[in-house]
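Convention: sequence-line order gives letters A, B, ...; per-chain numbering from 1. Given the structure is predicted, the values throughout are model-derived calculations rather than measurements.
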Protein chains: 2
Amino acid sequence: MCSNTFYFCSYTYKFNLQRYAILAANEESMRSYTIKDIAKLADVSAGTVDRVIHKRGKVSDKALQKVNAVLAQIDYEPNIIAKSLKNQKVWVIAVLIPDIETDEYWMQVYDGVREFEKEYKGFGFKVAVDSFSSLDAASFIKASAAVLKLQPDALLLAPLFLHESITFANELAETGTPVITINNEIEEVHPLTFIGQNLIESGRTAGSLIHRCSRNLQDIFVIHISEDPVNASHMTTKSQGIKDYFKDKDVLIHDLKINAYHQNYLDQVKSISNVPDTTSFFITTSKAHQVAVEIKEWSPGAVIVGYDLIPENVALLKTGDIDFLINQNPSKMSFEGLMRFTDKFLFSKELAPHYYLPIDIINAENVRSYLSS
Amino acid sequence: MCSNTFYFCSYTYKFNLQRYAILAANEESMRSYTIKDIAKLADVSAGTVDRVIHKRGKVSDKALQKVNAVLAQIDYEPNIIAKSLKNQKVWVIAVLIPDIETDEYWMQVYDGVREFEKEYKGFGFKVAVDSFSSLDAASFIKASAAVLKLQPDALLLAPLFLHESITFANELAETGTPVITINNEIEEVHPLTFIGQNLIESGRTAGSLIHRCSRNLQDIFVIHISEDPVNASHMTTKSQGIKDYFKDKDVLIHDLKINAYHQNYLDQVKSISNVPDTTSFFITTSKAHQVAVEIKEWSPGAVIVGYDLIPENVALLKTGDIDFLINQNPSKMSFEGLMRFTDKFLFSKELAPHYYLPIDIINAENVRSYLSS
DNA sequence: TAGCAAAATGTGTTCGAACACATTTTATTT
DNA sequence: AAATAAAATGTGTTCGAACACATTTTGCTA
C-alpha cells in the first residue's frame with residue numbers, strides 16, 4: 001500500500017521483526033508499542049512491564065532481564081494521550097505579571113497565557129493569573145503573598161521589581177515551587193529557565209538599524225520612558241547593547257530617563273529639542289508613541305526605534321513617525337514559558353537555562369504580517 | 001483554597017449551581033463536564049447524550065429537549081484526550097516538497113514536518129514525505145502519481161511547477177483529497193488554505209530596507225537566481241512587490257534572470273559589473289550567497305537583500321557581504337500547514353483561505369536570535 | 001388487550017497507562 | 001514435608017468518548 005519512495009518520519013518505524021510479528025496483521029501498522037505488546041514479547045504480564053518501566057521493584061531478575069531485553073530493542077514511548085487521561089493530575093500554575101487590564105503589552109502576554117490554557121487544559125494544566133501594578137512594589141509584595149498562599153505547582157513570573165523578586169524567589173525556593181521567569185532576566189532569581197529576548201542583542205539590533213538608516217549620525221539619545229526607573233534593569237541592558245554596538249564608532253550616546261506618568265514628561269523631552277538633525281533616538285520601552293511625533297517635528301531626519309507592537313506604536317509606524325519597532329513577542333513569551341512546564345511535568349525533559357526569543361525588526365511594510373498571526 | 005484575586009482563565013468556570021452540585025465534593029474542581037455529568041443533569045443515559053451530541057437520531061423529543069437544555073447552560077467541550085485515545089483513527093498526510101536532501105531551505109521545511117509528526121503522532125497523524133527535483137518537472141509528475149497511489153487523507157503541497165500542480169490538484173479533487181499549499185500561492189490549485197508569506201508584502205519590505213539604507217539610490221537590480229525560471233511565480237511576485245514599493249519614487253528597477261546551475265552564471269552577473277555605487281540588489285531566492293561577494297567588490301556601497309537563513313547566507317550576513325535576509329520561516333510553514341489539518345480533522349474548525357507568515361527582517365545583529373529557536 | 005414491530009434508551013466494551021488488589025510462586029522455618 | 005511468610009506476578013478497574021449491542025418502552029394492529 002505504501003510506496004517505498006516515501007519517507008516515514010517516525011523513528012519507531014525502524015524495521016523490526018518482532019514488532020512486525022505482532023502488528024503485521026494490521027495493515028495500517030501505525031500504532032506504537034503498548035505495554036501489552038511489550039508484555040507479550042517478554043512473555044510476562046503487563047503489570048510486570050509496568051513495574052520495570054517505573055522502577056517500582058517487586059520484579060525477579062529473570063523477568064527484569066526479559067523486559068529490559070525487549071525495551072532495548074524497541075523504541076518504547078508511552079502514549080501521552082492515555083497517560084494524561086489516566087493521570088487526571090491537575091497542575092496549578094500561577095502566573096504573576098503586571099497590569100493586565102491597562103497595559104497593552106502585558107495584555108498580549110496574557111493572550112499567550114489564555115492560548116496555553118485553552119490548548120493544555122485537557123492535559124491537566126490549570127492557570128491562575130494574578131497581576132500587580134508596575135508602579136507599586138507594595139502591590140507586587142501583596143500579589144506574591146497571594147501566590148504563596150495558593151501553593152501552586154509552578155510559577156511563571158515577570159520579575160519587574162528587582163529586590164522584591166529576589167526575596168520572593170527565596171520564599172518560593174523554600175516551598176520547592178519551581179519558577180520560570182519571563183521578560184526580565186535576573187540571575188539572582190535562579191529560575192528553571194528564562195524566556196525572553198537577549199536584551200544586549202536587542203539593543204545592538206536597534207543600534208544597527210539606526211546606524212544603517214541615519215544620515216550623518218553624530219548623537220543618539222537612549223530614552224527610558226517608564227513608571228519606575230529604579231527597577232528598570234531591562235532598559236539599562238538595552239542601553240548597554242546599543243553602546244556596545246557603537247563602541248568603536250564615532251557616535252555619542254546619551255541616556256535620558258523620563259517618568260511617563262509625570263504631567264510634564266514632554267518638557268523633559270523638550271529639553272533635548274534643540275538637538276540637530278544628526279541625532280537619532282532609541283526608546284527602550286513601549287512608550288515611543290508618547291514622544292515620536294514631537295521628535296519628528298524637531299528633527300525630521302531622526303531615526304526613531306522603539307519597542308512593541310501596541311496599537312499606538314503601530315499607528316505611528318504607518319505614518320512614518322516611528323521608523324522601526326522591535327517586537328518582543330509578548331504572547332509567545334508567556335506561551336513558551338508555560339510550555340516549558342509541560343516539558344517538565346509531562347515529559348520530564350531537561351530545560352535549558354534560557355530560551356531567547358527572536359528579535360523581530362518591524363517597519364511599516366512588514367508590520368501587517370506580524371499582526372494577523 | 002484559591003484566593004479570589006486570581007483570574008482563572010478557563011471559561012468553563014463561570015459559576016454554575018448545577019455544576020457545583022455535581023463537582024463540589026472535589027476540591028480541585030478542575031474537571032470539565034463529561035458526558036456522564038450531562039447525562040446525570042439531564043436525567044438520561046450517557047448513550048442518549050452521545051446521540052444528541054452527534055446527531056445520530058433515535059432520541060425522543062422529550063429527551064432531546066432535556067439534553068439540549070443542559071447543553072445550553074453549560075459549556076461542554078469534549079475531552080480531546082479521551083477522544084483521541086478512543087478513535088485510534090489514523091490520518092495519513094502526504095507531504096510533497098522539493099529536494100529535501102540537497103536544498104537547505106527545503107530541509108528546514110522538512111524539519112517542521114518532523115517536529116509535527118513527533119508532536120501529533122499520538123493524535124493519530126502519520127506523515128509520508130515524498131520529494132521531487134526542483135529542476136525536473138517530470139520528477140514532480142512521478143511523485144504526484146505516487147501520492148495518488150498512496151491515497152492519503154490529505155496532502156501538504158509545495159506547488160513549484162505551475163501547470164503540473166494545477167493538473168495534479170484536479171486529480172486530487174476527483175478523489176476528494178484535501179490539499180493545503182505552502183510556499184507558492186497558486187490560486188488555481190484551490191487549496192483548503194495557503195501557508196506562506198504574502199510575497200507582495202515581502203517584496204515591499206525588501207524595497208523599504210533598500211530605500212532606507214542606500215545612499216543616493218538610483219537603480220535596483222532584482223536578480224532571480226534559480227534552476228527553472230519558467231515556473232518561478234514566487235520570484236516574479238516578489239519583484240512585483242518591490243516595484244510596487246518604488247512606484248512613486250525616482251528609482252529604476254531592472255529584472256535579471258540567472259540560471260544557477262549554468263557554469264557561467266557568474267558571467268551573467270558580471271554583465272552588470274559596471275554599475276555605479278548608486279545601485280542596490282534584491283536577490284529573490286536563497287542563492288544570494290552565490291553573488292554577494294562579487295557584487296560588494298564592484299560596488300561596496302550597494303545594499304544587498306536576499307532570502308532565507310541557510311548557512312551560506314548567514315555567513316555572508318556576518319561578514320557584511322549581505323545586508324539583510326528575509327526569513328521565510330520554512331519550518332514554521334510546514335508545521336503550521338500540517339497544524340491546519342489537525343484543526344480540520346480533530347476540531348472540525350473552519351480554515352481561513354490563507355495564513356500569511358511573518359516577514360522576518362534579519363541582519364547581522366539579530367540573526368543569532370533566529371537560529372537558536 | 002394481547003401481540004409485535006419499531007423506536008427509544010441503557011449497558012458494556014474499547015483505546016493505553018497506572019495502580020490497587022488478588023493470586024500464584026518461591027523461600028524460609030518448624 | 002507441612003506451614004507460613006515473603007516475594008513475584010497477574011488481573012481488574014479507572015479515566016472520557018464512542019459506538020455496538022442489549023434491553024426497555026412506545027405505538028400500532030388484529
Enclosure of A:K66 NZ (heavy-atom neighbours >12, cutoff 6.0 Å): yes
With the threshold set at 4.0 Å, does a side-chain nitrogen-carboxylate oxygen contact exist between B:D343 and B:R340? yes
Taking the nucleotide of DNA chain C with the nearest heavy atom to each, does B:K62 or A:R51 sit closer to the 5' end? B:K62
Residue B:R56, side-chain atoms from C-beta onward, closest of D:dA17, C:dA18, D:dC19: D:dC19
Let me know the distance between CD of A:E77 and C1' of C:dG16, rounded to the nearest Å. 14 Å
Would you indicate, yes or no, if C:dA17 has its OP1 or OP2 atom less than 4.0 angstrom from a side-chain nitrogen or oxygen of A:Y76? yes
With sugar-phosphate meaning primed atoms plus P, OP1 and OP2, does A:L85 contact a base, only sugar-phosphate, or nothing at under 4.0 Å between heavy atoms? base
Reading DNA chain C from 5' onward, which residue's closest nucleotide shows up sooner: A:G47 or B:A82? B:A82
Calculate the interatomic distance between B:D61 atom CG and D:dG27 atom P; express it in whole Å. 11 Å
Per A:N79 side chain, nearest of listed nucleotides C:dG16, C:dG10, D:dA17: C:dG16
Just so I know, are the side chains of B:I53 and B:Y76 near enough to count as touching, which here means a heavy-atom distance under 4.5 Å? yes
Of the listed C:dT9, C:dC19, C:dG16, the closest approach to the A:T34 side chain comes from C:dG16
Counting only side-chain heavy atoms from C-beta out, which of C:dA8, D:dG16, D:dC15 sits nearest to B:S60? C:dA8
Indicate the ring-plane relationship of B:F125 and B:Y120, choosing parallel, tilted or perpendicular according to the 30° and 60° boundaries. perpendicular
In this structure, how many angstroms lie between the C1' atom of D:dC15 and the CG atom of B:D37, rounded? 13 Å
Using atom CG of B:D50 as one end and atom C1' of D:dC19 as the other, report the distance to the nearest whole Å. 7 Å
Hey, which sits more toward the 5' end of DNA chain D by its nearest nucleotide, A:V44 or B:A46? A:V44
Taking CD1 from B:I81 and P from D:dA17, how many angstroms apart are they, rounded to a whole number? 11 Å
Donor-acceptor contact below 3.5 Å, side chain A:D153 vs main chain A:I93: no
For a 4.5 angstrom cut-off between non-hydrogen side-chain atoms, does A:V95 reach A:L338? yes
Rounded to the nearest angstrom, tell me the gap between atom NZ in B:K58 and atom C1' in D:dT24. 14 Å
In whole angstrom, what separates B:K40's NZ from D:dG16's P? 11 Å
Examine D:dA17: is either OP1 or OP2 under 4.0 Å from a nitrogen or oxygen in the side chain of B:Y33? Give yes or no. no
Among the nucleotides D:dA18, D:dT9, C:dA17, whichever has the atom closest to the side chain of B:H54 is D:dA18
Could you check which of D:dA17, D:dG10, C:dA17 has an atom nearest any side-chain atom of A:K86? C:dA17
When you measure from the side chain of A:I35, which nucleotide among D:dT9, C:dA17, C:dG10 comes out closest? C:dA17
Could you state the atom-to-atom distance from CD1 of B:I38 to P of D:dG16 in whole Å? 12 Å
